[in-house]
Amino acid sequence: MRAFGFLSFGHYGGRPAQGGLSARQMLHDAIDISVGADELGVNGAYFRVHHFAQQSASPMPLLSAVAARTQRIEVGTGVIDMRYENPLYFAEEAAALDHIADGRVALGVSRGSPEPADRGWEAFGYTGSTDPRGADIAREKFAVFLQAIQGEGMARAAERPYMSNAAPGSDLRIEPHSPELIRRIWWGAGSRETAESTGRQGLNLMSSTLLTEATGAAFGDLQAEQIERYRAAFRAAGHTHAPRVSVSRSVFPIVTEQDRMLFGMRPGEDADQIGIIDGHRSTFGRTYVGAPDRLIEQLQADAAVHAADTLMLTIPSQAGVELNLRILESFATHVAPALGWQANTEGPVQGDPVA
C-alpha cells in the first residue's frame, strides 16, 4: 500500500430534523469531505453507485464538482453499474470528466451488485437480457464503451456533415476524446475468475470488502490470491504498463474516548463473515477497529492490503463532514505512515510493474 482514499456509499434519507440527510445535503457533504481530504493529503475520493435507492447515483455531476474544487486528490467510483449505462454517452461523460480533473480519475465499473429494483435496468430502457442478473448486457455495453474511449469510429458521417469538417461517410469517434482515459478504467472484480479476465484486458483491478467466493481461506488471503491471478493474467496477455490495484476495508482508529463510543465493536464484527449474495456463497471482509498500533499490526498482516497500491476506507458518509474528516485524519496521522503511505503531495499514485 502506498496510497489510501475514502469510499462513500452516499447514504441519505430520514427526516432532517431527526438527523437524517437529504439528497442535497449528502452531495454537498461529499464535496466538502473531498476538499478536506485533499488538504489532508488523502489520495482518492471514490463513490458507490446504486439505482432506485437513497444512495449516490449518476456520479458524473458529483465527480466533476469534486474535481473542480480540489487540486491533487483522485476522483472515481466503486463502481458504476454497466447494466444501467448508455455506453456511448458514458464515454462522452468519462472523457469530459478526465479533462476537467486533469487526469485525476479512477472510474470503477462492473456488472453491478444486487439492486432494489427487479431488473431495474429495463426501466432505464435496456431490455433484451436473457440473464436474470443482466451480466450479458453489461459485458456487451462495456465492450462498446472501451471501443468508444479508445477513439474507434462509432458512427458514420452524413453525406453533408453538419457543423463538422469530417469527410462524408467517414468514421466518427465520440467527442470529447481523452487518449489516456483507458489507463484510468478499473473493473470491480468479485471473484478470482473475474480478476483474471480483468488482467487479460489490461484494465486496473478494484476489489472490495466482498468476494463472491468462500473457500475457507481468510478474506485477505483469498483476495491476495485474486490479485496474484490478476497480475499473472495481465502479464501473460502481454501488457507492459504498470496497472493499479485497490482493495477496500472498514478501518476506524480509536484515538479518543469519543472514538471508542462511536466505533466500538459489536460481537462478530472483528471477523470475516460468510453469507449468500446474488445467489453465491460469499466472503465479507471484517471491520478493523482499535488503537493505531494494533491496526498497524493487523493491516500489515493483511496480504491483500500489502499486495495493493491503494487502500479504500469505507466511511460512514451520513455521519457528516467533521466526523469523517476526523477518521481520515486519524488514519493519515497514526496508521498510514507505517504502511508505506505517500501523501498526494508526492504526486499521482503509480501502479506496480508486473514483469
Side-chain angles (χ1 to χ4, degrees), residues 1-9 30 32-48 66 70-76 78 104 106 108 186 204-209 219-220 223-224 227 242 244-256 258-260 262-265 269-270 285-317 319 321-352:
M1 186 207 101
R2 291 185 299 281
F4 83 91
F6 68 84
L7 176 61
S8 170
F9 285 63
D32 290 342
I33 292 170
S34 301
V35 171
D38 188 39
E39 295 170 352
L40 289 171
V42 175
N43 307 90
Y46 314 101
F47 299 90
R48 287 289 299 269
V66 171
T70 56
Q71 296 181 340
R72 294 175 297 273
I73 199 168
E74 186 173 67
V75 299
R104 294 180 290 123
W186 305 57
N204 301 307
L205 178 68
M206 187 175 286
S207 190
S208 71
T209 53
F219 180 84
Q223 198 172 44
I227 294 170
R244 296 277 305 283
V245 175
S246 72
V247 296
S248 300
R249 295 289 184 271
S250 297
V251 183
F252 299 97
I254 301 298
V255 178
T256 68
Q258 185 181 18
D259 294 336
R260 191 177 307 280
L262 289 171
F263 309 125
M265 285 285 214
E269 286 186 333
D270 60 345
R286 56 173 293 184
T287 297
Y288 291 90
V289 178
D293 56 349
R294 178 60 174 156
L295 292 180
I296 291 169
E297 178 183 343
Q298 292 174 326
L299 291 171
Q300 285 177 333
D302 188 316
V305 171
H306 181 72
D309 58 73
T310 299
L311 173 63
M312 296 183 182
L313 303 181
T314 59
I315 62 169
S317 53
V321 176
E322 182 179 352
L323 177 60
N324 280 288
L325 287 180
R326 193 170 87 225
I327 294 170
L328 295 175
E329 183 175 20
S330 293
F331 188 81
T333 302
H334 302 289
V335 180
L339 302 177
W341 175 52
Q342 299 173 10
N344 63 33
T345 52
E346 299 296 314
V349 184
Q350 303 297 320
D352 293 306

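- For the residue pair G290 and L295, the shortest heavy atom distance occurs at O-CD1, 3.5 Å.
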Can you give me every donor-acceptor pair (side chain of residues 327-337, partner residue at least two apart or in another chain, under 3.5 Å) with its distance?
residue, atom, partner, partner atom, Å
S330, OG, R326, O, 3.0
T333, OG1, E329, O, 2.8

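- In this structure R2 satisfies the side chain to side chain donor-acceptor pair (under 3.5 Å) test together with D352, sequence neighbours excluded.
- Residue pairs meeting the salt bridge (charged side-chain N to carboxylate O under 4.0 Å, His left out) criterion with at least one partner in residues 302-314, sequence neighbours excluded, are R244-D309, R249-D302.
- For the pair L313 and V42, the minimum side-chain heavy-atom distance is 4.5 Å or more.
- Applying the side chain to side chain donor-acceptor pair (under 3.5 Å) rule to E297 yields the partners R294; only residues at least two apart in sequence or on another chain are considered.
- For the pair G78 and M206, the tightest heavy-atom approach, listed with the atom from each and the gap, is CA-SD, 3.7 Å.
- Here the closest non-hydrogen pair linking V255 and P292 is CG2-CG, 4.3 Å.
- With contacts defined as side-chain heavy-atom distances shorter than 4.5 Å, the pair D259/P253 does not qualify.
- Residues forming a side chain to side chain donor-acceptor pair (under 3.5 Å) with N204 (at least two apart in sequence, or on another chain): none.
- Take S8 and apply the side chain to side chain donor-acceptor pair (under 3.5 Å) test, not counting sequence neighbours, and it matches S317.
- N344 pairs in a side-chain hydrogen bond (donor to acceptor under 3.5 Å, both in side chains) with only one of the listed residues (E74, R104, R72), which is R72.
- With a 4.5 Å cut-off on side-chain heavy atoms, V247 and L311 count as touching.
- Under the rule for a side-chain contact (heavy atoms from CB on, under 4.5 Å), the partners of A45 that lie at least two apart in sequence or sit in another chain are F6, S34, F47, I73.
- Looking only at side-chain heavy atoms (C-beta outward), T310 and Y46 come within less than 4.5 Å of each other.
- Residues A37 and L325 come closest through the heavy atom pair N-CD2, 3.6 Å.
- In this structure a side-chain-to-backbone donor-acceptor pair under 3.5 Å is present from N43 to Q342.
- Annotation: side-chain contact (heavy atoms from CB on, under 4.5 Å) contacts of A343 (sequence neighbours excluded): W341, T345.
- T70 and V35 get closest at one heavy-atom pair: CG2-CA, 4.0 Å.
- Residue T287 holds its OG1 atom at 12.0 Å from CZ of F263, rounded to the nearest 0.5 Å.
- More than 12 heavy atoms of other residues, nucleotides or ligands lie within 6.0 Å of CD in Q300, so this atom counts as buried by the packing criterion.
- The side-chain contact (heavy atoms from CB on, under 4.5 Å) test applied to A319 returns P316, L323, N324, not counting sequence neighbours.
- A pairwise comparison of heavy atoms in S207 and Q223 identifies OG-NE2, 2.8 Å as the closest pair.
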